[in-house]
Number of protein chains: 2
Amino acid sequence: MTTPLRLESLEALDAIDRHGSFAAAAAALYRVPSAISYTISQLENDLGVAVFDRSGHRAVLTPAGRLLLDEGRRILTATRELGAAARRVADNWEPELRIAVDGLIPPTDLWPAIAAFGAEHPAINVRLTEEVLGGTWEALIDDRVDLAVGVADPPAGAGVRRTAYADVAFAFCCAPHHPLAERTHAVSEDELRSHRAVVVADSARRLSPRDAGLLDGQPRLTVASMASKVAALEHGLGVGHVPRAWVAEALAAGRLVEPPLDRPREAAQTWLLWRSGAPGRALAWFIRRLGGDRDQPMPRASQMRS
Amino acid sequence: MTTPLRLESLEALDAIDRHGSFAAAAAALYRVPSAISYTISQLENDLGVAVFDRSGHRAVLTPAGRLLLDEGRRILTATRELGAAARRVADNWEPELRIAVDGLIPPTDLWPAIAAFGAEHPAINVRLTEEVLGGTWEALIDDRVDLAVGVADPPAGAGVRRTAYADVAFAFCCAPHHPLAERTHAVSEDELRSHRAVVVADSARRLSPRDAGLLDGQPRLTVASMASKVAALEHGLGVGHVPRAWVAEALAAGRLVEPPLDRPREAAQTWLLWRSGAPGRALAWFIRRLGGDRDQPMPRASQMRS
DNA sequence: ATACTCGTTCAAACTTTTCGAACGCCTGAA
DNA sequence: TTCAGGCGTTCGAAAAGTTTGAACGAGTAT
């Protein structure tokens, strides 16, 4: 139940190794050599283990001493880091900020912000997850993430705040060797229904999954992520709407083409969402960086579009 | 340079959380409540952070306090474990024992010994690697492992001790659909030369690789491990000698067959090897368990069979 | 109301750590 | 070889830090 080791002993051990002698360590720690001697013999007493071999003239580490030095340094580092982390928490900085990016947004969109944050606050971890449709919202309200980026039609819900994020424009794509690729006049909804659609599965675990604007009766290929959807489209496995940012390069390179559509899909307004209540400073940093200042409360359910 | 945290503070924090109140923690630590109060306020002073919220009647952890408690417990555990590990090292127990098993020996051969060791000494790590031919020896003399198991023809070398390990009998195998499978009369060396041999690559990184008793001019398929060799033989990719223990099951199940051979390969004597010098107690444990007491010095080079 | 528990504060008793001086040992230069 | 200088230990005295017990105010359960 009692700690058989004092941090000061490890600190002395570290200083001795770092400076080469008891005397030099004493100087470095603003203490007198006998105090270091005392601290080390106290360590040896606590442990019942010889840390230095004093048979020669200069004290030299025993194998056990070596282990204490090496592992002890890890403990010292962890301890200092813990102190610093506690101070950050008290200062309202989260130890880790968890962000979910919706499949609508290419994760690369966030890299500049994350890089900038990392440069400013190297000690705060950022955990990025990718979610789809309802999964993004669910991750937020289940407290699995602190910030949701790029949610298209946030359901009504108390306790969530939001600010506008990007407008996402869609491209209707298929592979160049797909039957629809040669079309010069617009494709009707009826005609579309006979071609397999590639859709991304809702990543919600708990809430009922939502459809992503699908025409009924259309055959589907369901994949797990937007990246897989793009790959499936490129391989000619079907057709589908994809955020333009995901496929700009593939369209330019000719790996995908855009058949004209009778009723093109409208751009979607997407949002930045976070739970209301006092946000931590890391969260505030990201909200400000990604969303600017246009924070607004979630509308009541009656005001939501379905 | 100075540690802004005392282990006793973390211990007090842990006791408070564990027992529910300052008073109960004091009792558990055989101290008086005011001493606990003192220790905690010292922690708060060191850190400049409130650990408990005293606005209510009972003190309750702040978020920073929660972090200190959770992470502090890890530090306490690591510290205690370090003390114990140092004591073991001083007592000549290695913190980790590294064992190389030669490809001749199925790794499962060692599991009973490793399981027994783990039960006796749960705190000592065992690292098992698999090597082939010269690689096993090399791992030992390069100090990448402490013990080599199942080496067939150890080269002469100072500074290595040995004791006999298993005799390994070989089976000459091929797949049932291989041309040699139907043979009823013995296969000559000449004839053998026209069939592809599956051989295991020597895992030595530095020393010149050794051949594994191969007939010159025979086409080869070289694989990385005995397990791959068995798999290759089962798929009919060639023929080869395999330690009987590796293929007993495949032979019984008919996935491999044994064509009769003109000159069957003799069983090989294998050895347990370790560097001479005072062995740690974990090493001694394994030597005793795997090799019994028949430890004998390595013969001089002139006495070695090539 | 009352009795109880909680956590804090304070001065006094106590324990631990640091200091400085003295010592013995070894190394390297003269 | 001697000798100067550095190393690490020991010891008593001084300083610093911790623990104690009593007193207190504040909340809770009866």
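Each chain gets a letter, A, B and so on, in the order the sequences are listed, and its residues count up from 1. The figures here come from the full heavy-atom set of this structure, side chains too, leaving out hydrogens, waters and symmetry mates.
Per the geometry, CD belonging to A:Glu11 stands 15 Å off C1' belonging to C:dT17, to the nearest Å. Separating the CG atom of A:Leu7 from the P atom of C:dT17 is a distance of 14 Å, rounded to the nearest angstrom. For the pair B:Glu8 CD and C:dT15 P, the interatomic distance rounds to 17 Å; values are reported in whole Å.
Heavy-atom contacts of chain B under 4.0 Å fall on DNA chain D between two terminal nucleotides, which in 5' to 3' order are D:dG17 to D:dG27.
In this structure A:Asp14 satisfies the salt bridge (charged side-chain N to carboxylate O under 4.0 Å, His left out) test together with A:Arg18, A:Arg73, sequence neighbours excluded. Among residues two or more places apart in sequence or in another chain, the side chain to side chain contact (heavy atoms under 4.5 Å, CB included) test is passed with B:Ala78 by A:Ile75. Partners of B:Glu8 according to the salt bridge (charged side-chain N to carboxylate O under 4.0 Å, His left out) rule, which considers only residues two or more places apart in sequence or in another chain, do not exist here. Residues passing the side chain to side chain contact (heavy atoms under 4.5 Å, CB included) test with A:Arg289, sequence neighbours excluded: A:Pro112, A:Ala113, A:Ala116, A:Trp285. By the side chain to side chain contact (heavy atoms under 4.5 Å, CB included) test, B:Ala64 is found to be paired with A:Val89, A:Ala90, B:Val49, B:Thr62, residues two or more places apart in sequence or in another chain being considered. Every residue two or more places apart in sequence or in another chain that forms a side chain to side chain contact (heavy atoms under 4.5 Å, CB included) with A:Glu71 is listed here: A:Leu67, A:Arg74, B:Leu82.
A distance of 6.0 Å separates CG in B:Leu110 from CG in B:Leu290, rounded to the nearest 0.5 Å.
Counting only residues at least two apart or on different chains, the salt bridge (Lys or Arg N to Asp or Glu O under 4.0 Å) pairs with a member in residues 271-280 of chain B are B:Asp143-B:Arg275, B:Asp146-B:Arg275. Counting only residues at least two apart or on different chains, the salt bridge (Lys or Arg N to Asp or Glu O under 4.0 Å) pairs with a member in residues 40-58 of chain A are A:Arg6-A:Asp46, A:Glu44-A:Arg54. Residue pairs that meet the ring-ring contact (aromatic ring centres under 6.0 Å, His included) test with at least one member in residues 31-62 of chain A, sequence neighbours left out, are A:Phe22-A:Phe52.
End-to-end axis angle of the helix from C:dA1-D:dT30 to C:dA30-D:dT1, using five pairs per end and rounding to 10°, comes to 30°.
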For nucleotides 2-13 of chain C, just jot down a letter per nucleotide in 5' to 3' order: B, S or -, based on protein non-hydrogen atoms under 4.0 Å. ---BBSSB----
